[in-house]
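Report on the structure given below.
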Amino acid sequence: MKTVFAAAYDTEAAGRCVKACERIVAVHREMDVPASFFIVSNLLEGAERRPYQELLGDARFEIASHSATHPLLRDHPSLEIKGVPWAQVVNEVQRSKAAIEDCFGKPCVGFRTPCGFADGLGDGPLVELIARSGYTYSSSVGWGPKYSLPVPVQGAYNYERLGFPDLWEFPLHGWHENVLKGHNATPGRFLLWPPVYPDHVVTGYVQTPEEEFAVHRYFIDKALELEMEYSTLIWHPWSLGKFDPEMRMLKLVFEYVRARGCGFTTFAELRARRPSVKAEPALTGARA
Ligand SMILES: [Zn+2]
């Protein structure tokens with residue numbers, strides 16, 4: 001099976017992401033590339049609702065959830081921030097799905113936890129909550145061993161060991177591009193030694209879209225080398241727009257993916273390739 005590329009955007013910053021999405025969407029239309037937008041649903045409840053509907057309403061785009069307000073849903077060992085109370089977790093998971101479906105008029109089947117975790121949804125009640133809220137996949141593995149970066153290239157798995165074989169996890173790959181640019185935390189504390197990929201070295205913040213592309217290319221090449229089902233990268237419209245308003249890097253990535261003979265997909269399409277084992281009963285109430 002030839003590796004396919006799944007472009008994905010964590011769309012989360014009021015005011016800053018919608019502007020960047022105008023250019024991102026233009027590149028996708030021009031190059032006929034699908035994408036999954038993991039959106040924070042409170043962006044859809046104010047003045048940006050209409051612009052997002054118009055920009056992301058394109059049939060080639062999947063709209064998935066990145067929670068309602070972007071809190072941490074579990075304690076985060078690397079960011080050293082505690083997760084919000086369980087009642088809010090339930091609200092974030094369920095309200096965002098309803099708001100996205102109301103806004104775009106199509107099912108929202110995917111969930112990406114804010115900031116991601118090394119073990120995705122983990123092995124606690126979040127797995128059951130996501131499954132019983134009607135999601136069929138998560139894309140929440142966003143850190144490598146010991147909460148390091150980059151995230152190693154790995155394939156999808158399901159949560160069968162916890163009793164939820166129909167809930168799939170699609171790990172992210174590579175660097176959070178905002179970290180590569182120094183837009184958030186200092187990357188030094190995220191490095192693993194010895195590294196997963198000794199031949200991959202980032203010596204400082206990337207300075208140009210071409211340098212950013214060169215970092216991302218390593219992980220596309222790795223997915224191809226390992227004959228992975230999919231390749232993906234970790235992108236945020238607000239950060240992409242701040243660094244590279246013309247989105248030159250996106251074009252370089254999409255041209256490269258095409259040149260390597262790969263197609264494009266969305267996470268919803270990757271999930272739809274997998275048969276459902278059983279139907280989950282609907283969640284009737286919050287669990288402790
Ligand atoms: Zn996020």
Side-chain angles (χ1 to χ4, degrees), residues 6-21 24 35-46 48 52 55-56 61-84 88-89 91-97 99-100 103 108-122 126 129-130 135 137-144 147-151 169-187 190 212 216 232-244 250 266-268:
Y9 300 92
D10 295 356
T11 310
E12 58 199 23
R16 294 185 293 160
C17 281
V18 73
K19 185 85 196 132
C21 279
I24 291 169
S36 299
F37 288 85
F38 292 89
I39 194 162
V40 169
S41 71
N42 72 352
L43 298 181
L44 307 173
E45 289 168 3
E48 294 180 350
Y52 274 121
L55 281 168
L56 307 185
F61 299 142
E62 173 199 3
I63 316 299
S65 172
H66 195 36
S67 81
T69 68
H70 207 272
L72 281 174
L73 303 186
R74 293 196 284 136
D75 295 352
H76 202 286
S78 178
L79 303 177
E80 297 172 351
I81 302 173
K82 285 199 102 45
V84 294
Q88 186 183 345
V89 174
N91 186 267
E92 294 283 337
V93 167
Q94 298 185 342
R95 182 158 66 95
S96 59
K97 186 176 197 294
I100 289 164
C103 186
C108 166
V109 300
F111 189 88
R112 175 169 287 178
T113 54
C115 302
F117 294 92
D119 58 351
L121 299 177
L126 191 55
L129 174 66
I130 297 286
Y135 295 99
Y137 81 87
S138 157
S139 182
S140 301
V141 175
W143 298 85
Y147 279 85
S148 61
L149 291 177
V151 190
E169 177 66 46
F170 293 93
L172 292 67
H173 298 166
W175 286 87
H176 297 223
E177 51 74 33
N178 49 322
V179 172
L180 280 178
K181 299 158 187 169
H183 289 173
N184 283 107
T186 307
F190 298 144
E212 182 184 357
H216 292 323
T232 192
L233 295 162
I234 310 167
W235 293 338
H236 309 77
W238 63 267
S239 176
L240 295 174
K242 182 176 171 181
F243 182 75
D244 176 19
L250 293 186
T266 63
F267 284 102

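Each ligand, and each atom within it, is numbered from 1 in the order the structure gives.
- The Zn ion (ligand 1) has His70 among its coordinating residues (N/O/S atom, backbone or side chain, under 2.8 Å).
- Counting backbone and side-chain atoms alike, Cys115 contributes no N/O/S atom closer than 2.8 Å to the Zn ion (ligand 1).
- Closest approach between the Zn ion (ligand 1) and any N/O/S atom of Glu12 involves OE1.
- Here Lys181 does not pair with Asp244 in a salt bridge; the nearest charged N to carboxylate O distance is not below 4.0 Å.
- Taking the six-membered ring for Trp and thresholds of 30 and 60 degrees, Tyr135 and Phe111 have ring planes more than 60 degrees apart, a perpendicular arrangement.
- At a threshold of 4.5 Å between non-hydrogen side-chain atoms, the residues Phe243 and Leu180 do not count as touching.
- The existence of a salt bridge linking Glu92 and Lys97 is excluded, since no basic side-chain nitrogen approaches an acidic carboxylate oxygen closer than 4.0 Å.
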